[in-house]
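Note that these values count all heavy atoms, side chains included, but never hydrogens, waters or copies made by symmetry. Each chain gets a letter, A, B and so on, in the order the sequences are listed, and its residues count up from 1.
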Number of protein chains: 2
Amino acid sequence: MNTFTEENYLKAIYHLSLQSGSVSTNQIAASLSTKAASVTDMLKKLAEKELINYTKYQGVTLTSPGEKIAISIIRKHRLWEYFLVEKLNFKWDEVHDVAEELEHISSKDLIDRLDDFMGHPKYDPHGDPIPDSSGKFKTHELKPISALAANEIGVVSGVREHSPAFLQYLEKVQLIIGRKIKVIEINDYDHSVILLVEDKKIQISREVANNLLITR
Amino acid sequence: MNTFTEENYLKAIYHLSLQSGSVSTNQIAASLSTKAASVTDMLKKLAEKELINYTKYQGVTLTSPGEKIAISIIRKHRLWEYFLVEKLNFKWDEVHDVAEELEHISSKDLIDRLDDFMGHPKYDPHGDPIPDSSGKFKTHELKPISALAANEIGVVSGVREHSPAFLQYLEKVQLIIGRKIKVIEINDYDHSVILLVEDKKIQISREVANNLLITR
DNA sequence: TAAAATATTTAGACTGATCTAAATTTATTA
DNA sequence: TAATAAATTTAGATCAGTCTAAATATTTTA
Ligand SMILES: [Mn+2]
Ligand SMILES: [Mn+2]
Ligand SMILES: [Mn+2]
Ligand SMILES: [Mn+2]
């Protein structure tokens, strides 16, 4: 098996790839709060194991075995988050750090049984899709609230930012996963948005509108 | 916090202390499948942190902070084992290795919530006591079946050996935790024991009789 | 109680993961 | 396109945990 550290690198590369295709040394260093020199060392090791495609100075992509490992870590992370929220009554802003540890527990049998126990959930507490036992998953079509025009409606289905502060704020104003919303008005000047949520009007900033994702 | 490795050393020292008081370098090395020289290195580090009392060549004991950590690891190990058996339908011979990983998840909040979720179990699947949130626990009075005379009765309440082979054997002959047993006859020659279990007579070897613990 | 056996520690080396500082390559921009 | 800036890699060090082989201490036993 691979070390914790290798798993964290593969996961970071996977997440970064979703936005940018090929991933740079500095991106990885920033995302793992480490130094570029350390990243280079690890990239050599992962390339040696054929988990990434790496050419000096050119950035990296995951190989298919590398991607498989990354997805299995993400599956574990999201299933554990679901467990913590649904069974142990954690709040959605409290689960990430614990899941960062739990995702490295190696037993595949354990995670598949946990999945059974919870009835094969499709999305984690933050709306992110949970890969199935074979690594397959489908994301729903998400767009930020800021992409809606006045009078358009949607269902809160995900977040673009996972910081506890942002999640706590959303909880406080009841903008939680599954809520139906309707855009009432968009302020031309600062792009803040007034929404109808559960028959109540609330105003959110452009920043929030950019980071809160909806379907439909 | 402490590393994975430090936690394993403290736990090993704790378990060994229960039998022998002060624990030797070689005992620790055997129990962790490592070499005496590595143990000496780690003992120096743990002594430096004041988690053990260590004088060269004289063996070690845990300090009170060291014991507290050891007990917290054991609490986590046993609660996770209980969870795996009761909620995820693992067999009692399948849980140990997974629990060896799970016991190092650091969140105290997590383990206390898991404890709540399961209704504060007092014993793990092998009959071992689960320390409570403050580290307190009481063992019931256990003795091996081999300590019983003919016609004496008891309730299966623990095992002295945790190997999958032994646990599978016990499961097969239904000598599981909670079963009432009665000694019918003890063979003078090989000390094998004939028991009454659920209205059925079964014969167990001296070895099994020594490793299967009962109450009453 | 002195030799022999056993247990333990020390010395020195290796691996994985990390760092800083210096060198090199690639990208930007004047 | 040549100079400058930014990104990346290399060199060399450190730390935790481990090992083997050698040195030293303790225990056993004759
Ligand atoms: Mn998370
Ligand atoms: Mn999540
Ligand atoms: Mn166990
Ligand atoms: Mn157990």
What is the distance from CE of A:Met42 to P of D:dT9, rounded to the nearest Å?
14 Å
Reckon B:Phe4 touches a base, only the sugar-phosphate, or nothing at all at heavy-atom distances under 4.0 Å?
nothing
Do the side-chain N or O atoms of A:Lys44 get closer than 4.0 angstrom to the phosphate oxygens (OP1, OP2) of D:dT10?
yes
Write down the atom of A:Ala70, the atom of A:Leu62, and the distance for their closest heavy-atom approach.
CB-CD1, 4.1 Å
Please report, rounded to the nearest Å, how far the C1' atom of C:dT15 is from the NZ atom of A:Lys49.
13 Å
Integer-rounded Å distance: D:dT8 P and A:Ile28 CD1
9 Å
Looking across every strand, which nucleic acid part, if any, lies under 4.0 Å from A:Thr25 by heavy atom: base, sugar-phosphate, or nothing?
sugar-phosphate
Tell me the interatomic distance from A:Tyr54, atom OH, to C:dT25, atom P, rounded to whole angstroms.
13 Å
Report yes or no: is the cationic atom of A:Lys87 (NZ for Lys, CZ for Arg) under 6.0 Å from the centre of the six-membered ring of A:Phe117, at an angle within 45° of the ring normal?
yes
Does a side-chain N or O of A:Lys56 approach OP1 or OP2 of D:dA7 to a distance below 4.0 Å, or not?
no
Between B:Thr40 and B:Lys56, is a side chain to side chain donor-acceptor pair (under 3.5 Å) present by the stated rule, with each step listed?
CA-CA 9 Å; B:Thr40 300; B:Lys56 264 198 207 178; over 6 Å; no
Please write out each protein N/O paired with an N/O of nucleotides 19-22 of chain C under 3.5 Å, distance rounded to 0.1 Å.
unit_1, atom_1, unit_2, atom_2, d
C:dC19, OP2, A:Thr34, OG1, 2.6
C:dC19, OP2, A:Lys35, N, 3.2
C:dC19, OP2, A:Ser38, OG, 2.5
C:dT20, OP2, A:Lys35, NZ, 3.3

State, without any angle test, whether A:Thr63 and A:Glu50 hold a side-chain donor-acceptor pair at a distance under 3.5 Å.
no
Using a heavy-atom cut-off of under 4.0 Å over every strand shown, decide if A:Thr5 touches base, sugar-phosphate, or nothing.
sugar-phosphate
When the distance from CD of A:Gln58 to C1' of C:dA27 is rounded to whole Å, what number comes out?
11 Å
Once you round it to whole Å, what is the distance between P of C:dT9 and CG of B:Asn26?
9 Å
Mapping B:Leu43 and A:Tyr57 onto DNA chain C by nearest heavy atom, which one lands closer to the 5' end?
B:Leu43
In terms of ring plane angle, is the pair B:Trp92 and B:His126 parallel, tilted or perpendicular, where the classes change at 30° and 60°?
parallel
Give the intermediate values and the outcome of side chain to side chain donor-acceptor pair (under 3.5 Å) for residues B:Asp109 and B:Ser107.
CA-CA 5 Å; B:Asp109 187 29; B:Ser107 168; 5.1 Å; no
Describe, in one word, how the ring planes of A:His140 and A:Tyr123 are oriented to each other, choosing from parallel (under 30°), tilted (30 to 60°) and perpendicular (over 60°).
parallel
B:Asn2 atom CG is separated from D:dA16 atom P, nearest whole Å, by 13 Å
